[in-house]
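Heads up, the thing below is written out as structure tokens.
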Amino acid sequence: MNVTHKRLSKISQGIKYALCLGTAGTAAFLPAFANAQEATAAENEVEVIQISGIRGSTQASINAKRFAASQLDGIAAEDIGKLPDVTIADSLQRISGVQIERTAGEGGPVQIRGLPQVDTTMNGEVFLSATTIDSSGADFGDLPSQLFSGVDVYKSAEAKYTAAGISGAIDLKTRRPFDLDEGLTLSGGAEVTRGSISQETDPTVHGLISYNSGKLGILFGAVSTDVNLATDYNGYFDTSENGGIGAANNNFTWGPNSRGEEIRHVVPQGFAAFNKEEERKRNAVQISAQADLGEGFLLTADYFYTNQDRFNNRRGFSQNNRWYTFNEYAWPTENGWTGDSFTDVNGEAWGGVNAFVLTPWRMQSFTQVNINEETSHNFNLQLDYDNGGALTGQVRMTRARATATMRHGYGEGDMLSIDQGTLVTGPGQFAQPEYCTHGEDIVGDQGGCYAQFAPGGIQDSDFLLTYDASGAHPVFSGFDQMVNGGKGQRSVADYMADLDSYHIGAFSSEGNTDDRGEINTFSTKWNYRLDGDSIVTSIDFGVRSLERMVDHDQFSYTSEFGNGCDIAQWKAVDQYYTTDTCEGVDGAGEYLTEDVGDLTAGSWVPYTLLPPTRLDEHTTVSWQTDFGSVKGIPGVWSIDPENFRDPRQWHLDTFGNVQRTENGGATYDVSLEELNYFAQVNFEVGELSGNIGMKVIETDLYVKQNLVGASLPHSGLGPDTGDVVTERSYTDYLPSVNLAYNATQDVILRAAYSKNMQALNLASWGGGKTVGRTINGECDCLRVVNGTLTGNPGLNPWRSENVSVSAEWYTGEASMAYLATYKIDIESFATSGVVMIDEPDTDGIRRGPWPFTTQVQGEGGSVKGYEVGAKVAFSDFMDTAFLNNMGIDANYTYTDSSQQNKDVFGDDLPFVGMSKDTYNLVVWYEQDEFSARIAWNSRSPRLITTGTVDAVGGQSLYQDDYSQLDISVNYNLNDNISFYINGSNITEEIQQTYLEFKDQKAFQNEYEARWTVGTRVTF
């Protein structure tokens, strides 16, 4: 990436400012305060709690909240290597106002007060995770919980804090040697986990060794985990990570339907049921060294490394429209209407549907794999100064590097003939002589023919299937119907059970990515404490420079055909050599020896790219009958995912050559430079204390996007034909105020105000254009139907004005209650929108315009709500044998929002990912040897994505109510050895989604229960 002189100068300027400030501050103030009385520092000490067990963890989090200068919640580990839950995200969801999403059933992205614009730091400074290279959100999928001592959630801003965030920030805290007792500390553990769907036993081992001499300390921690996660999916055909609307359209797409319907309804591109499995191999290492240099100087060096390999695969059954039609593909059964209705912005009437009649355009099995390799390195070097005097400070440098790669493999097996009798009747495609072995007419001058692709498949277009999602789980039916085919009169189910019925529809490896990210920071910050009776107790000041860069490449594996006259991403039966480049080339086609349909003798006819291919010709296959709770599917033969462990090698072995072909529309470079400086005044007047600060952030943004040429044949690839560079600068002034009033000895009233800014996901600035196309017989081409403009470099960052008020009542050492209310006025944000673009079809003719989804500038949104909760240790209030060992942690959060985007009734849509209601209840019991904890979390429906008006009438996709129950039991054999059992999602909850109306069900993700047995040893 090229960096301009202006931007390099600004980085250098920031470093110079930091060095000057740090050096000047040290030189000016150290001599004056080197011999300051240590008693002054003692006055500011807060109670230090030795954490042990559930009560100790609760007490530590309460203490952190009570003595914080801002509004804060936290989680403290119950012991070394033991956060309260299996994952960091699962622990965070117990905090009021925090919501999480699930990826492969595990806790993933995090929202605070309904918004995902959450900044994350590690030990107070930004870090880089391989799962969030270009993201501004929080996702802890590659971070093992065993290496963290706690997590703080900041819900109000202070100028001195590094973290940004619109709704809040999260600080992950690792252990350092000086945090542990002097001498040698050894800790380790081992566990095995088993899932109810995966039926795999997964090991985890972790260990920590630390030595603290009082002057020098070194700590080494490591975790190694093998995990097999499994989920069953059914509903709208969409193979993205957690499902979506996919390519759903309606019964008037591409013209009126033959049934004369007047009411519009959604028509998904298909319906599917499949298993999703993900193998995760994760290794993480933490190294920390500390040295007391004397005279108040403390040197700390940290290194945090993660490596995660994920093999994500899904395989199962799909019944879809083969991209030929929506109008004539699916319509409501007699009882399929839900009774819900609305009128869209164009005045068209719509109704909800949850049961469909399906025409047999395509029935297939499919297998898809994504192989992810993710690595991150985070370095930290800091010098802290605290000699007991008035001046304390820090100079700090961090360096972070991360890489993430994804490789995709896909194969599908069709069981409907494309030769004769079905809705998509060929005859097939033109093929080489060696495939003309089923009595076909030889019509090519080299012996070629229109070959039979599925001589053993179904040859019938009269049967209909049904899909009914009105019950708890979908039901497919119609497989008992008798149909004609290559094996004579048999039921649909019998043909599905016969491997001879299947032929390959397509192979591909597309959307592969290489991501590289860097974050570099240099900062210095200082605190000067004032003595005497001054209202101002201290002043914080500092400067910080940040450089963040992302290089994102997307590409497909293509192969050359016809001695190099053609190249293809989709190796498919419905793709054939391009006449313009291949006519007359040996091996690319033949001249007809007789008339065939509209073609006359002497015409050159291209071969199909993928000749007739049995499902098991290039891969191993197996019979699949388990699709989770969906009913009615008799089973399918599908490709074993193991065949695609190395997609590039597989395509090379199968097609004889392979190339990496870049997708210019989805490749970009983005660089973000920030220089910020702050000052904060801390004060105390009687029972009132607080801080007032100002942070100034100067930002330079550099975005390099690609100009995209016409799509290559047999692909969705737009080649890079040049670069477009956008450079922008903007400055944000971010004031903050935090107030705390000790109304009584045990009651604290708080108020906070701030202006916040957070950068967008870098893809929102840098991403390019991708085009969705379908096969169209009228033009004999790929027709544009929609598209995506991922990046818009003109978008502004997220900006907000936040106000919050809270009351906290501390009723005991491990007990408290609280009430908080908040409002976030969002000045600017990025939101999904639609623009109409007249993109040309592959024959060069423009038949649009067509809707392209993109990010557009949103303004005038707001989020408001309240939180109420309590932590209660019964021993703080009573002395009863059994209850004395028990406690509860309960909270509720209400969040509401408004923005410019509206739903189908004209009401404000919530922000994506937001639930109005979130509930948490934890009940715990603890005595010397035994402890147990049961935790329940529930959230109301959340918005997943919005749909376009032309496709689905503007209906939005929601996740329905979701609840999860977790449990843990721990037994301490002695002070050093403990055993435990953890159960996650023990009731095997289901993520149900719906399109606008709860009865119009879209898809289900059935998550597995996971049980863990382990032991932990500490010396």
Side-chain angles (χ1 to χ4, degrees), residues 270 272-274 315-320 322 360-367 410-442 448-463 465 476 478-507 571-574 607-627 632-644 650 654:
F274 53 86
R315 61 189 299 206
F317 169 76
S318 169
Q319 203 276 3
N320 59 72
R322 202 184 179 95
W361 286 92
R362 171 178 273 181
M363 289 170 51
Q364 64 181 180
S365 68
F366 72 93
T367 299
Y410 181 79
E412 59 190 20
D414 292 357
M415 58 196 80
L416 294 177
S417 170
I418 61 170
D419 310 318
Q420 56 186 324
T422 61
L423 292 171
V424 185
T425 297
Q429 297 291 350
F430 197 66
Q432 296 90 333
E434 58 264 35
Y435 299 102
C436 304
T437 58
H438 299 283
E440 297 93 341
D441 293 333
I442 305 302
C449 68
Y450 285 93
Q452 293 189 44
F453 280 72
I458 298 173
Q459 300 170 7
D460 197 317
S461 62
D462 294 332
F463 70 98
L465 302 180
F476 285 87
F479 299 104
D480 57 348
Q481 295 174 83
M482 301 301 292
V483 293
N484 291 315
K487 296 294 183 74
Q489 280 280 334
R490 307 168 80 179
S491 70
V492 176
D494 287 339
Y495 271 102
M496 294 173 70
D498 191 337
L499 185 56
D500 292 340
S501 301
Y502 294 74
H503 69 276
I504 292 293
F507 290 120
K571 294 89 171 180
V573 296
D574 49 22
Y607 294 138
T608 178
L609 287 179
L610 186 68
T613 307
R614 282 176 56 92
L615 185 65
D616 59 350
E617 183 171 337
H618 300 299
T619 59
T620 60
V621 299
S622 56
W623 176 244
Q624 181 180 352
T625 58
D626 183 9
F627 302 97
I633 304 173
V636 294
W637 287 94
S638 57
I639 296 172
D640 296 322
E642 291 293 326
N643 289 278
F644 300 137
W650 186 90
T654 304

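A quick note: this is a predicted structure, and the numbers were derived from the prediction, not measured.
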### Message
Contact between Q432 and P611 at the side-chain level, heavy atoms closer than 4.5 Å - yes or no?
### Response
yes
- Message: Taking I458's backbone N and O only, do any of them form a donor-acceptor pair with S417's side chain (distance below 3.5 Å, no angle check)?
- Response: no
| message | With heavy-atom distances below 4.5 Å as the criterion, would you say the side chains of D494 and K487 are in contact? | response | no
Tell me whether Q481 contacts the main-chain N or O of F463 through its side chain, where contact means a donor paired with an acceptor under 3.5 Å. no
CH2 (W650) and OG1 (T619) are apart, to the nearest 0.5 Å, by 7.0 Å
Exactly one of Q420, Q459, Q489 clears side chain to side chain donor-acceptor pair (under 3.5 Å) with N484, and that residue is Q489
Closest non-hydrogen contact found for I633 with F317 is CD1-CD2, 3.7 Å
query: Run the side-chain contact (heavy atoms from CB on, under 4.5 Å) check on K571 and L609 step by step: do they pass?
result: CA-CA 6 Å; K571 294 89 171 180; L609 287 179; 5.6 Å; no
How about E617 and I504: do any of their side-chain heavy atoms sit closer than 4.5 Å? no
Under the side-chain contact (heavy atoms from CB on, under 4.5 Å) criterion, do V492 and M415 qualify, and how do the steps go? CA-CA 10 Å; V492 176; M415 58 196 80; over 6 Å; no
- Message: Check whether D460 reaches the backbone of D462 with its side chain - one donor and one acceptor, N or O, closer than 3.5 Å.
- Response: yes
Between the CZ atom in F366 and the OG atom in S638, the distance rounded to the nearest 0.5 Å is 9.0 Å
### Y495 side chain vs Y502 backbone, donor-acceptor pair below 3.5 Å
no
- Task: Output, in order, the C-alpha distance, side-chain angles, deciding distance and verdict of side-chain hydrogen bond (donor to acceptor under 3.5 Å, both in side chains) for R322 and T422.
- Result: CA-CA 12 Å; R322 202 184 179 95; T422 61; over 6 Å; no
Rounding to 0.5 Å, atoms OG (S318) and CZ (F274) come to a distance of 9.0 Å
Scanning both residues in full, the closest heavy-atom pair of Q429 with F453 reads N-CE1, 3.3 Å
Looking only at heavy atoms, the pair that brings C436 and I442 closest together is CB-CD1, 3.8 Å
The reported gap from CD in Q364 to CG in D414 (rounded to nearest 0.5 angstrom) is 5.0 Å
Apply side-chain contact (heavy atoms from CB on, under 4.5 Å) to residues H438 and D419 and explain how you reach the verdict.
CA-CA 12 Å; H438 299 283; D419 310 318; over 6 Å; no
The reported gap from CG in L610 to OG1 in T654 (rounded to nearest 0.5 angstrom) is 10.0 Å
Could you tell me whether the side chain of W361 reaches within less than 4.5 Å of the side chain of V424, counting heavy atoms only?
yes
Rounded to the nearest 0.5 angstrom, the CD1-CG distance for I418 and L416 is 10.5 Å
State whether the side chain of T620 and the backbone N or O of D640 hold a donor-acceptor pair below 3.5 Å, judged by distance alone. no
Between M496 and P634 the two heavy atoms that sit nearest each other are SD-CG, 3.6 Å
Review point. Is there a side-chain contact between Y435 and T608 (heavy atoms, below 4.5 Å)?
Key: no
Practice item. Could you tell me whether the side chain of S622 reaches within less than 4.5 Å of the side chain of R315, counting heavy atoms only? Key: yes
Check: Looking at side-chain heavy atoms only, is the closest gap between R614 and D500 below 4.5 Å?
Finding: yes
Heavy atoms of L465 and M363 approach each other most closely as CD1-SD, 4.1 Å
_Are D498 and R490 packed together at the side-chain level, in the sense that at least one heavy-atom pair is separated by less than 4.5 angstrom?_
yes
W637 side chain vs A497 backbone, donor-acceptor pair below 3.5 Å: yes
What one should report as the nearest heavy-atom pair of P360 and Q319 is CA-NE2, 3.8 Å
